[in-house]
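Here's the structure we're looking at; comments come further down.
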Amino acid sequence: MLALAVVTAVTVGVEYPKMAAQQRETAEYRALLEATPLAQVEGETASGQMQVATAGRTDQYVSGWIVPESIQITEVPTGRVLWQMPGQLTQRAAWSPDGRFLALAYSTRTQSGLKIVDTQTWTDWDFTLPDGSPIPEYIFFPEDWARWRGDSSLEVALGRGEGEEAHTYCCSLLTDESGQLTGSVLEETTEILSEDYDFDHDGVPETTELVTVEAPDGDVRPAWYELRITRQEGTELWSTTAHWSHPGWTSVFACQIDGQDYLLQYEPEMWQGWGEYTYRLFHPYIISPASNEPAEQVLRESAVTWDLNFGREGHHLNAAALADFLEEVHGYLDRSTLLLSTEDGEFRTGGSGAAFRLDMDLWDAFCPYDETRSLLENLENLERVRTAARQAAETA
């Protein structure tokens with residue numbers, strides 16, 4: 001028994017310093033945890049009567065921060081919790097312009113994710129790459145990670161490592177029949193066409209960008225194109241989309257009038273049985289620095305329609321009006337540079353607007369254009385030749 005007591009005393013004597021050291025370490029660690037700041041939501045934390053913030057503290061100490069228990073959307077001023085998800089190491093928020101959707105980017109030490117919350121249905125959707133896969137490990141959101149391009153369209157950037165350009169994706173949001181928020185994702189590539197045009201006439205050039213939105217499933221042709229004009233401080237001044245399909249055809253030019261830069265949007269459309277040509281010559285501008293709201297000042301716009309059913313009852317080519325219109329718009333095209341066109345389902349960019357003559361496809365080998373005649377005379381001759389041909393075909 002004496003021997004056992006001696007062994008016990010020695011054992012206690014050895015273990016006590018270890019326990020005391022562990023307790024000191026635990027106390028120091030607890031003090032460290034209490035002194036470490038809680039990770040917060042960065043970016044746009046408030047929208048109307050809603051606020052997004054982190055809540056609660058875990059014991060997870062990562063990279064100088066305490067991971068929160070949750071991320072919550074609460075009602076102001078009641079504090080009622082409307083939606084929540086587990087807390088993360090980092091979390092950044094961006095609200096849609098109408099305040100309906102919250103884009104919430106988050107990350108751990110190795111993994112990033114993006115969740116979009118619909119505050120009307122209180123359902124959410126997790127961002128994936130276009131092939132449906134999650135964001136790979138060690139791929140993180142850059143500083144300028146999100147830009148809402150409309151109430152339900154979000155542009156998202158993802159970093160690809162040091163020295164590599166970020167990849168950009170277009171997210172389109174919708175609610176399915178069950179009320180669940182869903183989305184589709186397409187990748188974008190951007191080309192700077194020019195940084196020399198001053199379309200808003202404020203003395204500072206804007207950046208003109210051509211955005212190609214890639215189609216899913218490896219389709220050879222892009223889904224669509226976008227032309228964006230952005231001021232130097234990042235405000236979008238003007239944009240438009242152009243598609244391959246006929247309803248989405250458009251052509252946009254940079255046109256200089258009296259030393260000033262203007263946009264010329266021209267859409268010469270021909271459908272079965274009729275034709276319509278329209279154009280607008282305008283310059284976009286910001287109404288006031290306080291609102292950053294864009295507007296357009298139209299310098300000139302015009303349209304002309306006519307009937308292509310030569311020789312039929314009630315047909316009217318409207319030759320004089322068509323000639324006046326074409327001579328007017330061609331004068332502007334001669335002073336223009338093509339920025340983007342999808343007319344006839346063909347993508348084009350660059351080159352002089354003087355070479356853009358799709359509106360002159362009325363003539364062919366059967367009835368060629370006569371350079372010795374005026375435009376009006378050629379239209380009147382086209383009327384005679386086409387009418388005679390149809391009448392001959394009907395009496396044959």
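Quick note: numbers below take in every heavy atom, side chains included, and nothing from hydrogens, waters or symmetry partners. For reference, positions follow the sequence shown, starting with 1.
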Regarding [X] and [Y], is there a side-chain donor-to-acceptor distance under 3.5 Å anywhere?
X      : Y      : result
Glu226 : Trp224 : yes
Arg335 : Gln256 : no
Ser107 : Ser112 : no
Glu267 : Thr250 : yes
His315 : Glu383 : yes
Trp83  : Asp124 : yes
His167 : Glu187 : yes

Let me confirm one number: the [atom1]-[atom2] distance from [X] to [Y], rounded to the nearest 0.5 Å.
X      : Y      : atom1 : atom2 : value
Glu233 : Ile286 : CD    : CD1   : 7.5 Å
Thr90  : Glu42  : OG1   : CD    : 7.0 Å
Thr108 : Glu137 : OG1   : CD    : 8.0 Å
Tyr277 : Tyr279 : OH    : OH    : 15.0 Å
Thr230 : Glu195 : OG1   : CD    : 10.5 Å
Leu237 : Thr207 : CG    : OG1   : 11.0 Å

Are [Y] and [X] linked, directly or through intermediate hydrophobic residues, by side-chain heavy-atom contacts shorter than 4.5 Å (ILVMFWY only)?
X      : Y      : answer
Trp249 : Leu264 : no
Leu375 : Phe356 : yes
Leu263 : Leu299 : no
Phe127 : Leu186 : no
Val385 : Leu317 : no

**Centroid-centroid under 6.0 Å between His201 and Tyr285 rings** =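 Ring centres of Tyr285 and His201 not closer than 6.0 Å.
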
**Request:** Decide if the gap between the ring center of Tyr262 and the ring center of Phe282 is smaller than 6.0 angstrom.
**Result:**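 Judged by ring-centre distance (under 6.0 Å), Tyr262 and Phe282 do not meet the cut-off.
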
Restricting to non-hydrogen atoms, name the atom on [X] and the atom on [Y] that form the minimum distance, rounded to 0.1 Å.
X      : Y      : result
Thr305 : Asn318 : O-ND2, 3.3 Å
Phe199 : Thr208 : CE1-OG1, 3.7 Å
Leu181 : Val117 : CD2-C, 4.3 Å
Gln91  : Ala39  : NE2-CB, 3.6 Å
Tyr266 : Thr278 : CD1-O, 3.1 Å
Tyr169 : Val185 : CB-CG1, 3.8 Å

**Request:** Show the numbers, then the answer: is there a side chain to side chain contact (heavy atoms under 4.5 Å, CB included) between Glu155 and Glu188?
**Result:** CA-CA 9 Å; Glu155 180 183 300; Glu188 298 180 346; 3.7 Å; yes

**Worked verdict on Arg149 versus Glu236 for salt bridge (charged side-chain N to carboxylate O under 4.0 Å, His left out)** = CA-CA 9 Å; Arg149 303 200 50 78; Glu236 184 175 289; 2.6 Å; yes

**Message:** Looking at Trp244, I'd like to know if the NZ or CZ of Arg221 sits under 6.0 Å from its six-membered ring centre while staying within 45 degrees of the ring's axis.
**Reply:**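 So Arg221 does make the cation-pi contact.
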
**Asked** Hey, is CG on Asp131 packed in by over 12 heavy atoms from elsewhere, all under 6.0 Å?
**Response**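 Buried by this count: over 12 neighbours within 6.0 Å.
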
**Message:** With side chain to side chain contact (heavy atoms under 4.5 Å, CB included) as the criterion, how do Thr190 and Leu210 come out once you've worked through the C-alpha distance, each side chain's angles and the decisive distance to 0.1 Å?
**Reply:** CA-CA 6 Å; Thr190 301; Leu210 174 62; over 6 Å; no

